[in-house]
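Down below is the structure, laid out as structure tokens.
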2 protein chains.
Amino acid sequence: MTSKQEFIEKLRNSSLRPTKQRINICEVLFNRDKTFHFTINDLFNLIKDKTGEKVSLATVYNTVDAFLKKGYLKEIPINSNQTYFDTNVTDHHHFFDVKEEKLIDIKNEDVGPIEIQKSIPGKKIKSVEVLVKLED
Amino acid sequence: MTSKQEFIEKLRNSSLRPTKQRINICEVLFNRDKTFHFTINDLFNLIKDKTGEKVSLATVYNTVDAFLKKGYLKEIPINSNQTYFDTNVTDHHHFFDVKEEKLIDIKNEDVGPIEIQKSIPGKKIKSVEVLVKLED
DNA sequence: AATCTTCTTTAGAATAATTATAAACAACGA
DNA sequence: TCGTTGTTTATAATTATTCTAAAGAAGATT
Ligand SMILES: [Mn+2]
Ligand SMILES: [Mn+2]
Ligand SMILES: [Zn+2]
Ligand SMILES: [Zn+2]
């Protein structure tokens, strides 16, 4: 349970003004036990449901973008008509249940170290992510 | 070097009528040494350049869809504004050069077996793919 | 507290990838 | 050749995302 006051500080520390909208978005995103995988539309709807206040779609996009840049969210590489985001910003992997269109975390230690025996001159590795697609 | 005749047979064997358009698309996609990673737009432009004949964008989409269903192409899971496809339908992994927006194959043996120490009841694994993002 | 500046929110428009529509056309089998 | 079915195409529709510009709110300055 994170308090509203902590979100306000977190926003201020990030040079983001603690607006009512951003605080509400923080509540929905970060006031939870488990990791949260979502699309913009998921989030947009949850804000209304959980806080009773409506935030414009543009602000949801803007805020998610800002949080991505600050490293409070990350984008999950997956082919879908919508982009998926994740509140778990640590290194980890995913199942994607193709039928349910749901992501499920796989902890790093449940996959083991991945050694890439190939390199590209002049480029360095930014991230290594495993996507496991699931079917029935 | 695959002959036009072989493409015609391949299409017939797949219950796809060997039209001029599909044969041209086959030439562009499959008449090459190395794996080919592309977007619909890449392919659309290459068809004009390589065959001199124009194929409508709708047909490019339709044909890529048909080839995906037949297993002659696969989709690469990546976040981009465009979907990427691959002529290499074997199990393998990818580098994605974020700056150049280019995919590079990583052979399965260059990654080693990936053991997923987690399972979801009622679901089975359809694919396991590693995406390595590259930066400068 | 009033004012000023800068940042933020918002509705709505613009963009762009993809999908749907439906009419013309081409492949195939009889 | 003719009828059927599958295919191509231009074009419209859809939809996620980004852009725009005006109104509003936050923070700093007096
Ligand atoms: Mn995508
Ligand atoms: Mn996307
Ligand atoms: Zn996750
Ligand atoms: Zn590949």
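A, B, ... follow the sequence lines: proteins, then strands. Residue 1 opens every chain.
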Is Thr39(A) close enough to dA16(D) that one of its side-chain N or O atoms is under 4.0 Å from OP1 or OP2 there?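 No, no such contact exists.
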
Do the rings of His94(A) and His37(A) sit parallel, tilted or perpendicular, given the 30° and 60° boundaries?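 Aromatic pair His94(A)/His37(A) classed perpendicular.
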
In terms of ring plane angle, is the pair Phe30(A) and Phe67(A) parallel, tilted or perpendicular, where the classes change at 30° and 60°?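 Phe30(A) and Phe67(A): tilted rings.
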
Regarding Glu27(A) and Lys4(A), does a basic nitrogen lie under 4.0 Å from an acidic carboxylate oxygen?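 Lys4(A) and Glu27(A): not salt-bridged.
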
Transitively linked via ILVMFWY side-chain contacts under 4.5 Å: Val132(B) with Val130(A)?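 Linked, Val132(B) and Val130(A) end up in one cluster.
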
Give the rounded distance in Å between these two atoms: [atom1] of [X] and [atom2] of [N].
X         : N       : atom1 : atom2 : result
Gln21(A)  : dT9(C)  : CD    : P     : 5 Å
Leu16(B)  : dA27(C) : CG    : C1'   : 13 Å
Glu101(A) : dA16(D) : CD    : P     : 11 Å
Ile8(B)   : dC28(C) : CD1   : P     : 9 Å
Arg22(B)  : dC25(C) : CZ    : C1'   : 14 Å
Asn24(B)  : dT7(D)  : CG    : C1'   : 15 Å
Ile40(B)  : dA16(C) : CD1   : P     : 18 Å
Leu43(B)  : dT18(C) : CG    : P     : 12 Å

[X] side chain: which of [options] is closest?
X        : options                   : value
Thr63(B) : dC28(C), dA16(D), dT8(D)  : dT8(D)
Gln82(A) : dA16(D), dT18(C), dT10(C) : dA16(D)
Asn81(B) : dT19(C), dA17(C), dA27(C) : dA17(C)
Arg17(B) : dT9(C), dT7(D), dT17(D)   : dT7(D)
Val55(B) : dT8(C), dT9(D), dT17(D)   : dT9(D)
Ser56(A) : dT8(D), dA16(D), dT9(C)   : dT9(C)
Lys54(B) : dA10(D), dT17(D), dC28(C) : dA10(D)

Nearest heavy atom decides the nucleotide; on that basis, is Leu57(B) or Pro18(A) closer to the 5' end of DNA chain D?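 Its nearest nucleotide lies further toward 5', so the answer is Leu57(B).
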
Least distance between heavy atoms, Gln21(A) atom then Thr59(A) atom: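 In terms of heavy atoms, the two residues are closest at CB-CG2, 4.1 Å.
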
How is Thr19(A) classified with respect to the nucleic acid when contacts are heavy atoms under 4.0 Å: base, sugar-phosphate, or nothing?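 Answer is sugar-phosphate: Thr19(A) comes under 4.0 Å of backbone atoms only.
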
Earlier contact from the 5' end, DNA chain C, for Asn62(A) and Phe85(B):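 First, find each residue's nearest nucleotide; the 5'-ward one identifies Asn62(A).
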
